[in-house]
2 protein chains.
Amino acid sequence: MPDLIHDGDSAAAVSSLRSAVMLLGRRLKHQRVDESLSPTEMSVLGTLARCGSATPGELARKEHVQPPSMTRIVALLEAKGLVRLEPHPDDRRQKRVSQTEQAEAMLAESRTKRNAWLAHLAEGLDEDEWETLRAAAPVLEKLAHL
Amino acid sequence: MPDLIHDGDSAAAVSSLRSAVMLLGRRLKHQRVDESLSPTEMSVLGTLARCGSATPGELARKEHVQPPSMTRIVALLEAKGLVRLEPHPDDRRQKRVSQTEQAEAMLAESRTKRNAWLAHLAEGLDEDEWETLRAAAPVLEKLAHL
DNA sequence: GGGTGGTATTTAGTTTGGGTAATGAGTTAC
DNA sequence: GTAACTCATTACCCAAACTAAATACCACCC
């Protein structure tokens with residue numbers, strides 16, 4: 001690992017990365033598959049799809065959101081029939097959240113639409129640039145979860 | 001440019017990119033140099049540093065924010081002594097926004113602190129991964145502005 | 001067994017950062 | 001010279017997070 005703080009190139013890269021991520025994030029917020037679903041709600045569904053099921057607390061930690069926010073999000077998702085809430089087998093303080101088949105179908109449709117939007121945006125990139133980005137995607141994801 | 005919609009690998013990359021960007025964006029929001037400055041305000045200062053000066057409307061378009069929001073942001077920045085507002089030389093409807101020396105100093109300090117945070121986060125990446133990310137930074141920035 | 005401290009979730013109330021609609025001033029085209 | 005358009009602003013609103021406090025439960029120690 002290079003010295004990220006004092007190496008000039010890395011410093012510039014970090015700065016560039018930050019502003020790009022924040023700007024792109026703001027734009028992505030507006031690209032919703034389902035108007036009634038907030039970006040974080042979508043993200044929670046994605047997490048559930050990857051992890052199977054989780055407690056609200058685990059979800060809050062994974063999404064880097066405070067527990068009360070996750071309570072609200074889970075409640076809204078349940079009201080829409082996208083997640084199921086069951087009592088935790090071992091600990092009656094906790095609950096188990098898992099996605100429904102409906103959520104799975106919506107995620108599939110959502111991916112198609114998101115891809116269309118981002119693909120449209122990425123038409124402004126050349127082949128090499130896209131290749132760079134494709135290589136970086138998993139790394140960025142790892143970084144985001146560290 | 002490959003077919004981003006139907007190529008399976010690219011579809012996965014797009015999906016991964018989206019969730020990573022949104023999650024990382026949410027986390028970055030909390031890492032402020034100056035507690036009294038919102039992420040978008042910081043971003044505006046960054047844009048001004050790159051572009052010299054601009055009108056509120058130009059800034060709104062660059063940041064992908066509505067004009068009224070930019071009016072408020074610029075007003076807050078002016079109240080903090082970080083930008084200067086002058087009448088536009090050619091068109092009396094418009095104004096020219098430019099950063100002050102104070103803003104420049106703050107940006108420098110800000111970069112140091114941001115780098116420290118992101119560098120700390122990036123300790124979990126190995127050298128190759130960081131190299132990948134560094135190469136992707138300018139591309140991501142280009143994509144965000146398309 | 002009962003008290004004590006800690007944890008999971010929720011409720012209530014607040015802040016924040018953005019949006020839309022409507023207004024006023026200034027410019028451009030006809 | 002007026003009609004149409006553009007830039008910035010004002011007033012109002014809304015969504016989505018937060019903090020603090022309440023509730024329910026577990027685990028440990030005596």
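All of these numbers come straight from a predicted model, not from anything done at the bench. Within every chain, numbering begins at 1; the chains are lettered A, B, ... in the order of the sequence lines, protein sequences first and strands thereafter. All values below come from the heavy atoms of this structure, side chains included, with hydrogens, waters and symmetry mates left out.
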If we ignore hydrogens and angles and just use 3.5 Å, is the side chain of [X] paired with the main-chain N or O of [Y] as donor and acceptor?
{"X": "A/Glu63", "Y": "A/Ala60", "value": "no"}
{"X": "A/Glu109", "Y": "A/Met106", "value": "no"}
{"X": "A/Glu58", "Y": "A/Thr55", "value": "yes"}
{"X": "A/Glu41", "Y": "A/Ser38", "value": "yes"}

Contact between [X] and [Y] at the side-chain level, heavy atoms closer than 4.5 Å - yes or no?
{"X": "A/Leu76", "Y": "A/Val83", "result": "no"}
{"X": "A/Arg18", "Y": "B/Met42", "result": "yes"}
{"X": "B/Glu129", "Y": "A/Leu143", "result": "no"}
{"X": "A/Asp128", "Y": "A/Leu133", "result": "no"}
{"X": "A/Lys142", "Y": "B/Leu125", "result": "yes"}

Say whether A/Val65 and B/Val21 are linked into one hydrophobic cluster, either directly or through other cluster members, by side-chain heavy-atom distances under 4.5 angstrom.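 Different clusters.
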
Just report the end-to-end axis angle for the helix from C/dG1-D/dC30 to C/dC30-D/dG1, five pairs per end, to 10 degrees. 20°

Can a side chain N or O of B/Thr40 be found less than 4.0 Å away from OP1 or OP2 on C/dG18? yes

Can you give the first and last nucleotides of DNA chain D, 5' to 3', that have an atom under 4.0 Å from a heavy atom of chain A?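 Listing 5' to 3', DNA chain D meets chain A from D/dA16 to D/dC26.
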
Residues in contact with DNA chain C, drawn from residues 75-85 of chain B - heavy-atom cutoff 4.0 Å: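 Here the set is empty: none.
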
Sub-4.0 Å heavy-atom contacts from residues 53-68 of chain A onto DNA chain C, ordered by number: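 Nucleic-acid contacts, sorted: A/Thr55, A/Pro56, A/Gly57, A/Pro67, A/Pro68.
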
Classify A/Ser38 by what it touches in the nucleic acid, base, sugar-phosphate, or nothing, heavy-atom distance under 4.0 Å.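 The residue A/Ser38 makes sugar-phosphate contact but no base contact.
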
Salt-bridge test for A/Arg134 and A/Glu131: reply yes if a basic N is under 4.0 Å from a carboxylate O, no otherwise.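 Result for this pair is yes, salt bridge flagged.
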
Kindly indicate, with the supporting measurements, whether the criterion salt bridge (charged side-chain N to carboxylate O under 4.0 Å, His left out) is fulfilled by B/Lys95 and B/Glu86. CA-CA 6 Å; B/Lys95 294 180 177 173; B/Glu86 296 155 10; over 6 Å; no

For B/Arg93, what residues pass the side-chain hydrogen bond (donor to acceptor under 3.5 Å, both in side chains) criterion, not counting sequence neighbours? B/Asp91

Exercise: do A/Arg84 and A/Thr100 side chains pair donor with acceptor under 3.5 Å: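 Result is no, nothing qualifies.
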
Donor-acceptor pair under 3.5 Å, B/Arg72 side chain vs C/dG17 base: no

Take B/Leu24 and A/Glu141, measure what side chain to side chain contact (heavy atoms under 4.5 Å, CB included) needs, and give me the verdict at the end. CA-CA 8 Å; B/Leu24 200 52; A/Glu141 194 158 27; over 6 Å; no

Indicate for each nucleotide in nucleotides 24-30 of chain C, in 5' to 3' sequence, whether protein heavy atoms under 4.0 Å reach the base (B), only the sugar-phosphate (S), or nothing (-). -BBS---

